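Data block below; observations after.
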Amino acid sequence: MVKLTKTLITVFFLLLKLDNKDVLSLFRVLHWQPNAGTTVNTQILNEVSQCVESINGVKEGRWKATLTYYKPMLRDQSQAPELPRDFLGISLPEQPNKYYFIIRGQRIVLEADSSIQTIMEKLQSYKSRVALYFEGFQYQLGDFQLRVGKVTPTHSDNLRGIIMEVEYLPLSSLEKSRQVMEEFVDIWQEAISKRSLPGHFMHIEPSFVEYGLSDHYSSQHTAVQYATVMAQLIATQSVQAARN
Amino acid sequence: MECVVQGIIETQHVEALEILLQGLCGVHKEHLRVHELCLKSGPNLGHVGSEVRLLCDLEHPEPWTVKHVGGALRGSGAEQLSVMVRNMVESKASKNVLRLFYALGYKLDHELLRVGSAFHFKRGARITVTVSSINKMLKLHAIDDTVPVTLGIQVVEVTAPATSENYSEVAAAMSSFCEYLAPLLHLSKPGVSTGVVPTAAAAAASLMSDGGGTTL
């Protein structure tokens with residue numbers, strides 16, 4: 001059965017190679033949703049990594065993204081103007097010279113040069129409240145590149161989540177690649193479910209249109225996905241904390 | 001960080017200045033039409049107020065430029081220079097940068113439209129010379145409905161990027177270049193008012209009759 005699954009996966013990717021037209025790629029970011037009453041841990045992360053390798057994913061190297069929540073600096077703390085509490089910045093490994101700002105509540109995403117961080121430091125109106133690393137290993141799997149990573153605060157090893165980034169290399173159109181991506185994710189979900197882990201991977205597709213983004217995929221789309229994942233991780237942990 | 005000097009010239013002499021610049025720099029002028037928005041932090045935001053400039057090059061509307069201009073370098077070494085050395089950081093940004101800064105609590109302090117020309121060249125340093133009229137908008141963001149801030153006068157700005165290690169050399173290169181422009185206009189540190197030079201009319205007439213002159 002395992003051999004048959006592996007064969008099917010190999011054939012699937014070979015067929016995809018025949019349809020290589022575009023050069024930009026498309027990402028889907030999934031996060032681990034633990035079952036009620038359970039928490040994410042490193043054993044799950046190890047099982048996920050092993051699962052990728054079991055479906056012939058070739059380990060290529062490490063990757064890291066950083067996400068920073070900003071807070072406004074107020075002269076008079078008693079007067080709190082209407083300022084965003086969900087203002088965050090993201091650096092992505094595929095765009096080392098860029099930085100992304102997002103205000104989820106207002107559906108704003110901005111792509112800027114990395115020097116925008118220096119400008120924000122000079123302005124002194126917002127400062128970093130908490131920063132998190134998304135880091136792990138990346139794997140090549142036919143026309144897909146997978147990144148499996150843990151989510152940890154920058155000054156701690158406390159595991160806050162597990163994410164998986166699926167990059168489909170040949171296409172950059174969201175609509176055209178939707179079926180291919182969903183088929184891959186279905187295969188992946190079936191593979192990981194065989195390990196009977198206490199949870200599953202979830203993908204919540206943000207409404208890119210609300211952010212003013214087009215069907216043509218870009219790193220701004222990825223940044224929005226990361227922001228959405230973080231919101232989910234926070235919501236999950238809030239529910240768990242309330243239960244405890 | 002950047003080195004910068006500014007001056008003013010009467011609009012009637014701009015053509016002569018552009019002929020001189022083209023001869024000196026060996027490059028063609030680029031059209032300049034930049035919408036500049038100056039934003040300031042709202043009350044209570046930041047322990048001290050802050051200011052940021054957003055620039056939209058209307059010739060190439062994307063990306064925008066975010067610019068933070070800091071204070072001038074202090075100390076006897078910097079003060080002896082004929083150019084101002086100041087902190088400056090720029091970043092390109094996607095088109096909704098204005099919406100982002102509004103959401104962060106920044107307010108529009110003023111906006112203006114710079115229309116003119118720019119020369120980019122290398123002469124001991126990477127120098128940029130802009131010659132432009134400064135126009136204010138009669139309505140919010142109305143870039144097609146503007147009037148000059150000062151009729152008949154254009155601003156000349158000479159800038160060059162620098163670092164803390166090389167600003168002296170950059171300043172020297174700029175000063176050396178600016179000497180060639182002296183017959184037409186006087187360039188000085190921003191904030192130091194000089195007015196138009198009395199030799200400008202004669203120098204301009206000479207350049208115009210010369211039909212361009214030779215590259216120096």
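The structure displayed is predicted, hence computed values, not measured ones. Every chain is numbered from 1 and lettered A, B, ... according to where its sequence line falls, protein lines coming before strand lines.
Around the CZ atom of A:Arg160, the shell of radius 6.0 Å holds no more than 12 heavy atoms that belong to other residues, nucleotides or ligands. Open room surrounds NE2 on B:His31; 12 or fewer heavy atoms of other groups in view lie less than 6.0 Å from it. No more than 12 heavy atoms of other residues, nucleotides or ligands sit less than 6.0 Å from atom CD of B:Glu15. By the 6.0 Å contact criterion, CG on A:Asn158 is enclosed, its count of non-hydrogen atoms from other residues, nucleotides or ligands being greater than 12. By the 6.0 Å contact criterion, CZ on A:Arg129 is enclosed, its count of non-hydrogen atoms from other residues, nucleotides or ligands being greater than 12.
For A:Tyr126, the part sitting under 4.5 Å from any heavy atom of chain B is the side chain, from C-beta outward, and nothing else. Proximity to chain B (any heavy atom under 4.5 Å) is shown, for A:Gln117, by neither the backbone nor the side chain.
For chain B, the option among A:Ser114, A:Gly212, A:Ala112 with the highest count of heavy-atom pairs below 4.5 Å is A:Ala112.
B:Leu45 places a side-chain heavy atom less than 4.5 Å from the side chain of A:Pro72.
The backbone N or O of A:Leu74 sits nowhere less than 3.5 Å from a side-chain atom of B:Asn44 that would complete a donor-acceptor pair.
In summary, of the residues considered (A:Ile103, A:Leu83, A:Ile108), a side chain to side chain contact (heavy atoms under 4.5 Å, CB included) with B:Leu104 occurs for A:Ile103 alone.
Considering all non-hydrogen atoms of both residues, B:Val48 and A:Arg75 come closest at C-NH2, 4.0 Å.
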What donor-acceptor contacts under 3.5 angstrom involve side-chain atoms of residues 88-101 of chain B, with partners at least two apart or in another chain?
residue: B:Ser91; atom: OG; partner: A:Asp113; partner atom: N; Å: 3.2
residue: B:Ser91; atom: OG; partner: A:Asp113; partner atom: O; Å: 3.4
residue: B:Lys92; atom: NZ; partner: B:Thr65; partner atom: OG1; Å: 3.0
residue: B:Ser94; atom: OG; partner: A:Glu111; partner atom: N; Å: 2.9
residue: B:Ser94; atom: OG; partner: A:Glu111; partner atom: O; Å: 3.4
residue: B:Ser94; atom: OG; partner: B:Asn96; partner atom: OD1; Å: 3.4
residue: B:Asn96; atom: ND2; partner: A:Val109; partner atom: O; Å: 2.7
residue: B:Arg99; atom: NH2; partner: A:Gln106; partner atom: O; Å: 2.6

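Atoms NE2 and CE, from B:His68 and A:Met120 in turn, are 10.5 Å apart once rounded to the nearest 0.5 Å.
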